[in-house]
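Single-structure report; data block below.
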Amino acid sequence: MDALTSHGEWVTHPAWASDDPPWEQPTLRTRWHLAGPPVRAVLHVLGLGVWHARIGGVPVSADLLEPGVSTFETRVSARSYDVTGLLRAGENELVLQLGEGPAHVRAAPGRYTKFVGGTLGPRARVVLELEDATGRHLLGSDSGWQARLGPTVFCHWYGGEDYDARLEPAGWLTATTSNDGWGPVAVLGGPADGPTPWRRRAPAMRVQQVVEPAAITRHPTSFVVDLGRNIAGVPKVTITGLDRGASLVLRPAEYLSEGQVDQCSTGSPILDTYTSAGTPAVWQTQLVYHGFQYLQVEQRDPAGRPVAPDPEQIRVQALQVMTDDRPTGALHLGDPVLQGIDDLITNAAQSNLMTVPTDCPHREKLGWLEQLHLVFEPLAFRWDVREHFHDMITHMGDAQTSTGLIPDIAPELVVFDFDWEPGFRDDVNWGGAIWHLPALLWRHYGTLEPAEQAWEAGLRYLSYLDDRAGDGLLATGLGDWIALDESTPRPLVAAWGHARVLDSAATLARALGRPADERRMRSRAAEVRGQIAEQYTGELASGSQATAALLADSGALDEDNQARAVDHLITLLREGDDQLTVGEIALPAVLRTLVAAEEHEQIYRFVTQTAGPSYGQMLADGATALVEHWTGMRSRKSANHFMLGAIGTWFLESVAGLRHASDGVGWRRAVVSPRPLDSVPTASLTFDSPGGTYVLDWQREADQLRIRLDVPAQAEAQCVPPPGYSGPVEVRGSGRHEITYTRRAR
């Protein structure tokens, strides 16, 4: 990447150097003549907003949709690839396809547009770092490069991608393309101009699985492909019979209506088109991705008239895409409903783990922050997200305003600053991620680097919160977002979040050796909790589950009122037919409160019930990923959100029975204490933690609970019998252990 600091000019097609660029996307190329094969060659690319590079017709890597998302005016991820094996003696051709991506979102005629924003159109700075017998050489992009428009004739981050194979020059995507249609590039500036090259920590987005159709349904002028599950990815078509000028239209969707795709949850219309050159072809979108379970395939003849497409001549697949985070955990629950719900969480997380984690892969593609800490444990169990989530500290810092606000999304590609609902930009349970995320990364991975990076921005945010609160409690924010019961006071939700942010800040102050800051933060948290107790203890008898849970979880109540809050929450759940009415913010508070009260059967009932909105109803209604709202598929809202995934923490820590020691760092100390349920006779997991690999398997047999446990080297596990079982509390060191607890007579 250092080569980009001094070499390479920003280049694009001349039409894209104007204030009114076309919809056709630019393609760039250059040729290098080498006397012999290089000893070493590295290609450095700094591109806006999405790029795909080939040398000699071969992709330079398996990475997709580079450079990922960032605050593009400030920084862009620079990518470097060893291309030694792609270069040869003689002429070598680099072709760089560019698209607008999230850096340049325009209002697209006839296509769904989430927002309009971004001023940086497609362009690139490229350097080939070459070592041969004569030494080291840096060959940068310059006025000698060439450009053409197409064959991607439309590219919109939300609305889709159109490709016209008739515009491909002869030799397209082979070792050498013809010279027809190429002209000089426009030079937009040099290394000192434009956004700074940035070394992103998050891994690249890559294809994780090729998904074959689970079912195909024919209609008179289309066929619909059902992939069997909701994914984030790109459609791929293999075409063996299509006349020149004939075209395919692919419409992705999460829902069907009367057998046809229904884009009610994604925005509409979203579509991709491919126009044939009259030869067999394999095509996939290169510059956009979608969230979808269904693809409707329509065909037009060269005159644009609909004709019946033939699935035998048009093979459709989907490429499931996510960041290439290393898998670390696998969980197996001995109950099909719980296992099915856990699969919903996993599938939704996969669909939203892009370079910036998103809340849904179709309609938004934005980095809403609250999920990162509310659902951290299930995510960090399944994948190594240390470097990936460290990037979010950078993005939050870039998004911070001059007043100290950390907005609800980062990078802040669009400002949701609505007079009628300021919470879409200003909510402590979102912006508080500037403290929560580094605290979670410290505890889980034992790294303080994110905390050190976040420190100054975090202090400015705490000052901002104090200014907003004044002498009272915070009153801003979205409240308990997507709650079925909207009666929970917003200031209570905000104050609960404020106190928790101060707790995370104090934890990091202690870890960083800043005792004065820790004392100040804990003192301020105590003030907030005192105000919560004074203002809301009288609300304990309200009908709001969230109010009871937030008060019970707040640490603000005295012993008697704490017991009242817990009892009232349990009463509300039982009297409400085990139906949760809380939103995503209060959900973790409900779970922590009920876990502390050992009300695991109660949790099981509201998780699995199907009579009303719940996880169980989502599963029973055919969801294949976690849905945006409790009302699930019936809401016709996004069917691929992970924001309600906090229940996964209960699956791991209580049902399976492995949790991090409360004072542990880096998983050197764990607690093993499963909670056998009436309907769950067994569970197991494997977790390649930062402290080594834990393997846990338990089975309930008659009146005995048998546990098999592997503890990694240099780690230890405190084994605690669950309530109702007899056995010693003991610490087991590294190695394999077998433990038996006996159920006490009732």
Side-chain angles (χ1 to χ4, degrees), residues 369-370 373-374 405-406 408 421-433 435-436 461-462 464-505 521-522 524-573 576 580-594 596-597 630 643-644 646:
L369 294 173
E370 88 290 4
H373 59 91
L374 295 178
L405 168 68
I406 300 291
D408 292 5
E421 184 48 273
F424 281 114
R425 196 184 192 206
D426 183 6
D427 191 310
V428 66
N429 290 302
W430 275 252
W435 286 109
H436 292 315
Y461 185 58
L462 291 182
Y464 172 84
L465 294 177
D466 281 344
D467 288 344
R468 295 288 283 171
D471 295 331
L473 294 173
L474 279 176
T476 58
L478 295 168
D480 189 20
W481 180 244
I482 61 93
L484 294 173
D485 175 3
E486 298 181 356
S487 68
T488 306
R490 287 195 182 193
L492 172 60
V493 182
W496 172 86
H498 190 186
R500 289 183 60 80
V501 166
L502 288 160
D503 290 344
S504 289
M521 292 162 175
R522 294 202 187 281
R524 180 69 179 112
E527 289 178 11
V528 173
R529 288 187 166 97
Q531 291 174 312
I532 291 174
E534 181 179 357
Q535 188 164 337
Y536 288 107
T537 299
E539 298 282 339
L540 279 176
S542 80
S544 164
Q545 294 174 9
T547 296
L550 292 170
L551 287 171
D553 189 63
S554 68
L557 303 180
D558 59 31
E559 185 175 349
D560 289 343
N561 283 317
Q562 176 71 18
R564 285 179 58 211
V566 174
D567 289 344
H568 188 53
L569 173 61
I570 295 169
T571 298
L572 289 173
L573 284 166
L580 272 183
T581 62
V582 304
E584 68 160 327
I585 303 303
L587 175 62
V590 169
L591 294 170
R592 283 190 294 267
T593 299
L594 295 179
W630 288 120
M643 68 181 181
L644 292 175

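Scope of the values below: all heavy atoms of this structure, side chains included, with no hydrogens, waters or symmetry mates.
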I'd like to know if the side chain of [X] and the backbone of [Y] have a donor-acceptor N/O pair within less than 3.5 Å.
X: R468; Y: L474; result: no
X: H436; Y: N429; result: no
X: Q545; Y: T581; result: yes
X: D426; Y: L405; result: no

Does the pair L492 and I532 meet the rule for a side-chain contact (heavy atoms from CB on, under 4.5 Å), with working shown? CA-CA 7 Å; L492 172 60; I532 291 174; 4.0 Å; yes
Side chains of [X] and [Y]: does their closest heavy-atom pair fall under 4.5 Å?
X: I570; Y: L594; result: yes
X: D427; Y: I585; result: no
X: W630; Y: L644; result: yes
X: L502; Y: L465; result: no

Non-hydrogen atoms of [X] and [Y] that approach each other most closely:
X: A549; Y: L569; value: CB-CD2, 4.1 Å
X: A589; Y: L550; value: CB-CD2, 4.1 Å
X: A552; Y: L557; value: N-CD1, 4.4 Å
X: Q562; Y: L551; value: OE1-O, 4.0 Å
X: D480; Y: A546; value: OD2-CB, 3.4 Å
X: A548; Y: H568; value: CB-CD2, 4.2 Å

What side-chain hydrogen bond (donor to acceptor under 3.5 Å, both in side chains) pairs are there with at least one residue in residues 534-543, not counting sequence neighbours?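 Non-adjacent pairs meeting side-chain hydrogen bond (donor to acceptor under 3.5 Å, both in side chains): zero.
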Give, for atom [atom1] of [X] and atom [atom2] of [Y], the distance between the pair rounded to the nearest 0.5 Å.
X: Q531; Y: L473; atom1: CD; atom2: CG; result: 4.5 Å
X: L462; Y: I406; atom1: CG; atom2: CD1; result: 10.0 Å
X: L374; Y: L587; atom1: CG; atom2: CG; result: 8.5 Å

side-chain hydrogen bond (donor to acceptor under 3.5 Å, both in side chains) against S544, all qualifying residues, sequence neighbours excluded: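 For S544 the side-chain hydrogen bond (donor to acceptor under 3.5 Å, both in side chains) partners, ignoring immediate neighbours, are T488, T547.
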Results of side-chain hydrogen bond (donor to acceptor under 3.5 Å, both in side chains) for W430 - residues two or more places apart only: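 Counting only residues at least two positions away or on another chain, W430 forms a side-chain hydrogen bond (donor to acceptor under 3.5 Å, both in side chains) with E370.
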Among D567, D560, N561, side chain to side chain donor-acceptor pair (under 3.5 Å) partner for R564: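 Among the candidates, only N561 passes.
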How are the rings of F424 and W481 set to each other: parallel, tilted or perpendicular (split at 30° and 60°)?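 The rings of F424 and W481 stand perpendicular, inter-plane angle above 60°.
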D503: what forms a salt bridge (charged side-chain N to carboxylate O under 4.0 Å, His left out) with it, not counting sequence neighbours?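 Counting only residues at least two positions away or on another chain, D503 forms a salt bridge (charged side-chain N to carboxylate O under 4.0 Å, His left out) with R529.
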Taking only residues two or more places apart in sequence, or in another chain, which ones meet D466 in a salt bridge (charged side-chain N to carboxylate O under 4.0 Å, His left out)?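 For D466, the residues satisfying salt bridge (charged side-chain N to carboxylate O under 4.0 Å, His left out) (neighbours in sequence not counted) are R524.
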Contacts of A597 that satisfy side chain to side chain contact (heavy atoms under 4.5 Å, CB included) - sequence neighbours left out: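 For A597, the residues satisfying side chain to side chain contact (heavy atoms under 4.5 Å, CB included) (neighbours in sequence not counted) are V566, E599.
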Should we count CD of E421 as having more than 12 external heavy atoms under 6.0 Å?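 More than 12 heavy atoms, drawn from other residues, nucleotides or ligands, come within 6.0 Å of this atom.
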